[in-house]
S.K.: 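Encoded as structure tokens, here's the structure I'll be asking about.
Sequence lines set the chain letters: A, B, ... in the order given, protein chains first and strands last, and positions in each chain run from 1. Computed from a prediction, not measured in an experiment: that's the story for all the values here.
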2 protein chains.
Amino acid sequence: MKRSAPEGTGAPANQAPTGDTTRAATDAHGHIDAPAGRTSSPGRPPSLRDVARLSGVTYQTVSRVINDSPKVRDETRLRVLAAIEQLGFRPNGAARALASGRTQVLGVLSLGTSAYETPSTLEGIESAAASAGYTVTFAGTRAPQLAAMRKAVHALVDQRVDGVILIAPLISIDVDALPLPPSLPVVAVEGAPGSRVSAVVIDQVGGSRAATKHLLGLGHRNVWHIAGPQGWFDSRGREEGWRSALAEAEIEPPPLLVGDWGHTSGYEAGRILSGLAEATAVFVANDDMALGLLRALHEGGRRVPEDVSVVGFDDLPEAAYMQPPLTTVRQEFFEVGQQSIRLLLDQIDGRTSAETRPVVPTRLVLRQSTAPPF
Amino acid sequence: MKRSAPEGTGAPANQAPTGDTTRAATDAHGHIDAPAGRTSSPGRPPSLRDVARLSGVTYQTVSRVINDSPKVRDETRLRVLAAIEQLGFRPNGAARALASGRTQVLGVLSLGTSAYETPSTLEGIESAAASAGYTVTFAGTRAPQLAAMRKAVHALVDQRVDGVILIAPLISIDVDALPLPPSLPVVAVEGAPGSRVSAVVIDQVGGSRAATKHLLGLGHRNVWHIAGPQGWFDSRGREEGWRSALAEAEIEPPPLLVGDWGHTSGYEAGRILSGLAEATAVFVANDDMALGLLRALHEGGRRVPEDVSVVGFDDLPEAAYMQPPLTTVRQEFFEVGQQSIRLLLDQIDGRTSAETRPVVPTRLVLRQSTAPPF
DNA sequence: TACGTTCATGTGAACGGTCACACACTCGTC
DNA sequence: GACGAGTGTGTGACCGTTCACATGAACGTA
């Protein structure tokens, strides 16, 4: 029933491509047509062949037109474009992909999208991809279990995406264990160093050093740190920056507090710190935890910045409106997204990019949550 | 270069259909090859035919196996599965889509993804879609201009997605003006009432009424409102709920303040309200603006909730950690995502869902930003 | 013994494009 | 006046599946 033979359109094949303007005019479909719609389709959307038939050329010529081939006479092109418009023709991506071997789709593999950073990075990815003519598909996993990740990879591979961006900032994720075809271009965001994939990294260490040194420079004798969960590249980098700045000042680091990125864990760390009179400066691994800390400090009767100075990391939009406005380290997530696409397209197009591991800078944004001690 | 004739296998054009088991056995390239990987592929990923050849059946049988057809002998199935495993075969989605007419991909059309609500909804969409065997593709626009939206729609249509979820809470967006094929299932999240698409809506009005009545119930003589930008369904619904609650109490609504959802606009509205002694209760259209308001009130020396009561909308994760913890109206974004997928799948599978316009409830979450006046 | 059934597998034709090449024309050139 | 070089357009094969149907073997049953 589906596969019916092409059948008597009644129109004899025209030999002279007259390009008759009169015809074009009379047939101008600019008029307000019946409410039903412009394409009186029998069911299946129009194909190259339908357009070809209507405009009196072969499907190949139509193909040339939709691909902007220069080898088409202007007159012909116009005729074809009119037919395309009239029929509401849109090329079939699946057929294209099958024939050409390229899908013009990029895959993003991530571990959940509710954190602020991910969607923001995604925006960068999406916009950069779009301007290069690519669409973006997501395959998420909430759990960083290998099995789930494999499944997500399969979804992408089955779709034959032209490239993959891997947002998997967990140290435990072994990129090489993922069932990615060796020929598939891959770019990792944060992490997976040493493996075959190139990566975009954020200058975590630099930002953390700047934050810690800022507090030290204010005159604090020591700086406490609320770290992110173990196993994250981000946590590690930030802790490292903090340690290195302290080491440089020859200060023995105080005990490390560890959170899980969430507000609550920052709050809990804050309960502990509230009781410690010597804790006059705290560098928190992200703004969310910093918010929790701020609240705990407030409840504990310790004023910020008079009694305790706080520096966060991320520069979320709300950081400027916290109580007090939070001094923090800004990360350019959008740029991360853009850069990762750039890198990926380089791989796809066989360009050998000079830098395989671009570092996106961070910068300290001073607001009102820090002050000299006393 | 790509289309090289099948060559140098030494095998003369075989007249016997490929299913020759003997040949398959001798020619089995399944031998343990160099550590490089399991598939000694010449370039192109393995296809049904490759698997068929290796396992001594026809491509059709392999097709049956990967589609779990019951009409395959167990022994055969095992043999095929082994070959699939050995070759690392993965079905080609494009070819599948072309032949079957279904892509198993759902499209999401939105206007940017950095707001909290969108990614959260997206998560719901993604997880529900995944468990139904669908992948999700995004087509974003930052600008709600029709031209940009059309382009995004085209990206989805060209991909031949099986259905579309439209996140476009702007009243001005005319769904029917989008170049969506009439046969394509579409579900809108919030809005676009009256058009051919079904929609998932959030009980904005109910939530707002609850918020306003709560403030009134506390003894406030009046309730001010900081609304979202004009042109959003959300803004409208929240304003409506507020108005209706006031009307019910026979209170003349105070002048409306209008923001743009951002922290800053809430802050600015707050500067105004700080100077107004009679403004003892404020219902803000979202938590972000509420945060700005809180900050402005603090700077203006007005205590919350002692001098001014504040209720927000959304229940962002940070609401509980604001200063003071914010009483707000909770929206279940994740559920919105799930519901929209459910509705969409109903359309795709031709199920006639009982409800075409499910309403996701909201609920007032009491915290510490409200109190009786004085 | 012949014969319809059932189960397992094979066959050929789509699906809607792209690719490499072949085929007319129309020129300018010697 | 035949010839090589563009142009623009057509032709056939192929991409990797699914679909509808054909075929063949094993099995009762008349």
Side-chain angles (χ1 to χ4, degrees), chain A residues 1-6 13-17 19 43-53 55-77 79-80 84 87 89-104 157-160, chain B residues 1-6 15-21 43-53 55-77 79-80 84 87 89-104 158-160:
Chain A
M1 183 200 278
K2 280 274 198 65
R3 301 359 166 70
S4 58
N14 58 339
Q15 74 287 24
R44 192 165 17 278
S47 74
L48 273 191
R49 261 112 178 153
D50 296 322
V51 176
R53 201 172 305 126
S55 46
V57 296
T58 42
Y59 54 86
Q60 180 57 266
T61 301
V62 179
S63 173
R64 289 196 179 94
V65 170
I66 65 175
N67 290 302
D68 296 313
S69 159
K71 327 220 101 197
V72 178
R73 221 187 331 160
D74 280 355
E75 183 192 311
T76 312
R77 181 190 310 280
R79 202 144 35 93
V80 171
I84 288 178
L87 256 27
F89 166 83
R90 288 261 91 208
N92 182 322
R96 256 185 170 165
L98 185 56
S100 69
R102 317 196 61 202
T103 52
Q104 296 295 106
V157 171
D158 291 2
Q159 252 189 95
R160 296 294 190 270
Chain B
M1 185 200 276
K2 277 276 197 63
R3 306 340 174 77
S4 54
Q15 77 284 31
T18 49
D20 183 345
T21 31
R44 192 160 23 273
S47 75
L48 274 191
R49 259 120 178 151
D50 297 321
V51 175
R53 201 171 307 128
S55 48
V57 295
T58 42
Y59 54 86
Q60 180 58 268
T61 301
V62 180
S63 173
R64 289 195 180 96
V65 171
I66 65 176
N67 289 303
D68 297 311
S69 160
K71 326 222 99 194
V72 178
R73 219 188 331 157
D74 280 353
E75 181 194 314
T76 312
R77 181 188 310 279
R79 202 145 35 93
V80 171
I84 287 177
L87 255 29
F89 166 84
R90 289 261 91 208
N92 182 322
R96 259 188 167 163
L98 186 56
S100 70
R102 317 196 61 201
T103 52
Q104 296 294 107
D158 291 2
Q159 251 190 98
R160 296 294 190 269

S.K.: Return yes if some donor-acceptor pair links the side-chain N/O of B:Arg49 with the main-chain N/O of B:Tyr59 below 3.5 Å, else return no.
M.R.: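 Checking the backbone N and O of B:Tyr59 against the side chain of B:Arg49, no donor-acceptor pair under 3.5 Å is found.
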S.K.: Round to a whole Å and report the spacing from OH of A:Tyr59 to C1' of D:dT11.
M.R.: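 Going from OH in A:Tyr59 over to C1' in D:dT11 covers 6 Å.
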S.K.: Specify the separation, in whole Å, of atom CZ of A:Arg96 and atom C1' of D:dG16.
M.R.: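 Going from CZ in A:Arg96 over to C1' in D:dG16 covers 19 Å.
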S.K.: Which value, rounded to the nearest 0.5 Å, describes the distance between A:Ser47 atom OG and A:Arg90 atom CZ?
M.R.: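 Answer rounded to 0.5 Å: 14.5 Å.
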S.K.: Please compare B:Arg77 and B:Ala95 by the position of their nearest nucleotide in DNA chain C and report the one closer to 5'.
M.R.: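 Mapping each residue to its closest nucleotide by heavy atoms, the 5'-most match is B:Arg77.
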S.K.: Hey, does the side chain of B:Arg44 come within less than 4.0 Å of D:dG16's phosphate (OP1/OP2), counting only N and O?
M.R.: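 Yes.
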S.K.: Is there, by distance only and without an angle test, a donor paired with an acceptor across the side chain of A:Gln60 and the base of C:dT18 below 3.5 Å?
M.R.: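 No such pair is found, so the answer is no.
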S.K.: Under 4.0 Å between a side-chain N or O of A:Ser63 and OP1 or OP2 of C:dG17?
M.R.: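 No, no such contact exists.
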S.K.: Drop me the distance from B:Thr61's OG1 to B:Arg73's CZ, to the nearest 0.5 angstrom.
M.R.: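 Taking OG1 in B:Thr61 and CZ in B:Arg73, the distance rounds to 10.0 Å.
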S.K.: Which atoms form the tightest heavy-atom contact between B:Pro91 and B:Ile66, and what is the distance?
M.R.: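 That closest heavy-atom pairing would be CB-CD1, 4.2 Å.
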S.K.: Starting at atom CG of A:Asn67, determine the distance to atom C1' of C:dG16, rounded to an integer number of angstrom.
M.R.: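 These atoms are roughly 13 Å apart.
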S.K.: Using whole Å, report how far CZ of A:Arg49 lies from P of D:dT11.
M.R.: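 The distance from CZ of A:Arg49 to P of D:dT11 comes to 11 Å, rounded to the nearest Å.
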S.K.: For the helix from C:dT1-D:dA30 to C:dC30-D:dG1, what angle lies between the axis at the first five pairs and the axis at the last five pairs, to 10 degrees?
M.R.: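 For the helix from C:dT1-D:dA30 to C:dC30-D:dG1, the axes at opposite ends meet at about 60°.
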S.K.: Which listed nucleotide (C:dG17, C:dT11, C:dC19) is nearest to the side chain of B:Thr58?
M.R.: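 Nearest to the side-chain atoms of B:Thr58, counting from C-beta on, is C:dT11.
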S.K.: Would you name the heavy atoms of A:Pro45 and B:Arg160 that are closest together and state the gap between them?
M.R.: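 Reported closest heavy-atom pair: CG-NE, 4.2 Å.
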S.K.: Which part of the nucleic acid, if any, lies within contact of B:Arg102, taking any heavy atom under 4.0 Å across all strands shown: a base, the sugar-phosphate backbone alone, or nothing?
M.R.: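 Since no nucleic acid heavy atom lies under 4.0 Å of B:Arg102, the category is nothing.
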S.K.: List in chain and number order the residues that pass side chain to side chain donor-acceptor pair (under 3.5 Å) with A:Arg102, two or more places apart in sequence or in another chain; answer none if no residue qualifies.
M.R.: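 By the side chain to side chain donor-acceptor pair (under 3.5 Å) rule, A:Arg102 matches A:Tyr134.
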S.K.: With rounding to the nearest 0.5 angstrom, report the CG to CZ distance, B:Leu48 to B:Arg64.
M.R.: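 It is 11.5 Å, given to the nearest 0.5 Å.
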S.K.: Quick one: does A:Arg64 reach the base of D:dG8 with a side-chain donor-acceptor pair under 3.5 Å?
M.R.: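 When only heavy-atom distances are counted, A:Arg64 does not reach the base of D:dG8 through any donor-acceptor pair under 3.5 Å.
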S.K.: Heavy atoms from C-beta onward define the side chain here; which of D:dG16, C:dT18, C:dC7 lies closest to that of B:Ser47?
M.R.: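 From the listed options, D:dG16 comes nearest.
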S.K.: Choose from C:dA8, D:dT18, C:dG10 the nucleotide whose nearest atom is closest to any side-chain atom of B:Thr76.
M.R.: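 So the nucleotide nearest the side chain must be C:dA8.
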S.K.: Please give, in whole Å, the distance from C:dC19 P to A:Leu48 CG?
M.R.: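 Between P of C:dC19 and CG of A:Leu48: 12 Å.
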S.K.: Atom CG of B:Leu98 to atom P of D:dG16: distance rounded to whole Å?
M.R.: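 To the nearest whole Å, that distance equals 12 Å.
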S.K.: Whole Å only: how far is the CG atom of B:Asp50 from the P atom of D:dG16?
M.R.: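 My rounded result for the distance is 8 Å.
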S.K.: Could you tell me whether the side chain of A:Thr103 and the main chain of A:Ala97 form a donor-acceptor pair under 3.5 Å?
M.R.: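 Flag not set: sc A:Thr103 to bb A:Ala97 has no pair under 3.5 Å.
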S.K.: Does B:Thr61 have a side-chain nitrogen or oxygen under 4.0 Å from the phosphate oxygens OP1 or OP2 of C:dG10?
M.R.: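 For C:dG10, OP1 or OP2 has a side-chain N or O of B:Thr61 closer than 4.0 Å.
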S.K.: In whole angstrom, what separates B:Asn92's CG from C:dC15's C1'?
M.R.: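 Distance check: B:Asn92 CG to C:dC15 C1' gives 13 Å.
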S.K.: Ignoring backbone atoms, establish whether A:Arg73 has a side-chain N or O less than 4.0 Å from OP1 or OP2 of D:dT9.
M.R.: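 Result: yes.
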